[in-house]
J.: 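My questions all concern the structure below.
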Amino acid sequence: MPVAGVAMLERAIGSVADALPGARIVAVVPAGHPGLWQLCRTAAAGTRHDDCVTAGLDLVAVAGGATRNDSVRAGLDAVGDAEHVLVHDAARCLTPPAVFAAVVDALAAGARAVVPALPVVDTIKTVRAAPDPAIAAEAVDSTPARSGLRAVQTPQGFRRAVLVAAQRQVAAWPAERAEAVTDDALLMEMLGEDVYLVPGDERALKITTELDLMLAEALIAAGEEHS
Ligand SMILES: C[C@](O)(CO)[C@H](O)COP(=O)(O)O
């Protein structure tokens, strides 16, 4: 998906390279998407756009799997023996360097799991099935206190050995249980690890809807990306 004319994945790779110069980047891409593989080869060789520069990166591309966890495992197999690893969504391609730095700093301070987070502005409800079958709508089950809720983003940082061990366990789980793991931090929580929060950034939005895309392109037009 292009964002203001540059592929989202390429922007994400560029932002990681800017934030973490010299870091090994593993791009996990769908096996049957030759365009993305070519994009990774080009990024590894070095590319230049007006607003997105990469220059000969330590970048490898590996094939993703059927689920998020399968893809994370495929990426982990290619990261080498680094002490720490960051798992990032290409869809958060406008994540500013300060967010990467905050995650890396917390890992360096000894945290084993770190995620960027923002307070939520909406009141959030949990839901249950419709109590009256005549009304075709879910019903509210409960309302967690908003002050205790955070929306988490990526990059999510981990001591590599801990994430590898956790992902090995998930590989043995039934599909339904594994699919409920929508981020790696949740995996850490399930395993009793402390997950530390550092400040996220609204520009690290996960570009998912048409409206997100419009917002991302407006941020780029305003020169707000990667600042
Ligand atoms: C990891 C994440 O970005 C945290 O908010 C989110 O859970 C990713 O969800 P996706 O469904 O894999 O895009």
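As a basis for the values below, the full set of heavy atoms in this structure was taken, side chains included, without hydrogen atoms, waters or symmetry mates. Since the structure is predicted, the reported quantities are computational estimates derived from the model, not experimental observations. Note that ligands are numbered from 1 as they come in the structure, with each ligand's atoms numbered from 1 the same way.
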J.: To check you understand the geometry: which heavy-atom pair defines the closest contact between W37 and V62, and what is its length?
T.: CH2-C, 3.5 Å
J.: Any nitrogen or oxygen of Q156, side chain or backbone, less than 3.5 Å from one on ligand 1?
T.: no
J.: Please list, in number order, the atoms of ligand 1 under 4.0 Å from a heavy atom of R92.
T.: 2 (C), 3 (O), 4 (C), 5 (O)
J.: With side-chain contact (heavy atoms from CB on, under 4.5 Å) as the test, pick out the partner of Q156 among V115, L163, V103.
T.: V115
J.: Within a distance under 4.0 Å of any heavy atom of T154, pick out the atoms of ligand 1 and give their elements.
T.: 1 (C), 3 (O)
J.: Might you point out which heavy atoms bring A61 and V29 nearest each other, and give the distance in Å?
T.: CB-CG2, 4.4 Å
J.: Any N/O of D183 closer than 3.5 Å to an N/O of ligand 1?
T.: no
J.: Looking only at protein heavy atoms, identify the closest one to atom 6 (C) of ligand 1 and say how far it is in Å.
T.: T182 O, 3.8 Å
J.: Looking at D89 and R68, is there a salt bridge between them, counting it only when a charged N and a carboxylate O are closer than 4.0 Å?
T.: yes
J.: At less than 4.0 angstrom from any non-hydrogen atom of R68, what atoms of ligand 1 do you find?
T.: 1 (C), 8 (C), 10 (P), 12 (O)
J.: Could you name the option among D89, T208, V115, V87 that has the heavy atom nearest to atom 2 (C) of ligand 1?
T.: D89
J.: Starting from atom 5 (O) of ligand 1, what is the nearest protein heavy atom, named by residue and atom, and what distance separates them?
T.: V152 O, 2.7 Å
J.: Looking at K206, which atoms of ligand 1 are within less than 4.0 Å of one of its heavy atoms?
T.: 8 (C), 9 (O), 10 (P), 11 (O), 13 (O)
J.: Sub-3.5 Å donor-acceptor pair from the side chain of T95 to the main-chain atoms of C93, do we have one?
T.: no
J.: Could you tell me whether the side chain of T154 reaches within less than 4.5 Å of the side chain of P116, counting heavy atoms only?
T.: no
J.: For the pair R128 and E138, find out whether any cationic side-chain nitrogen is under 4.0 Å from an anionic carboxylate oxygen.
T.: no
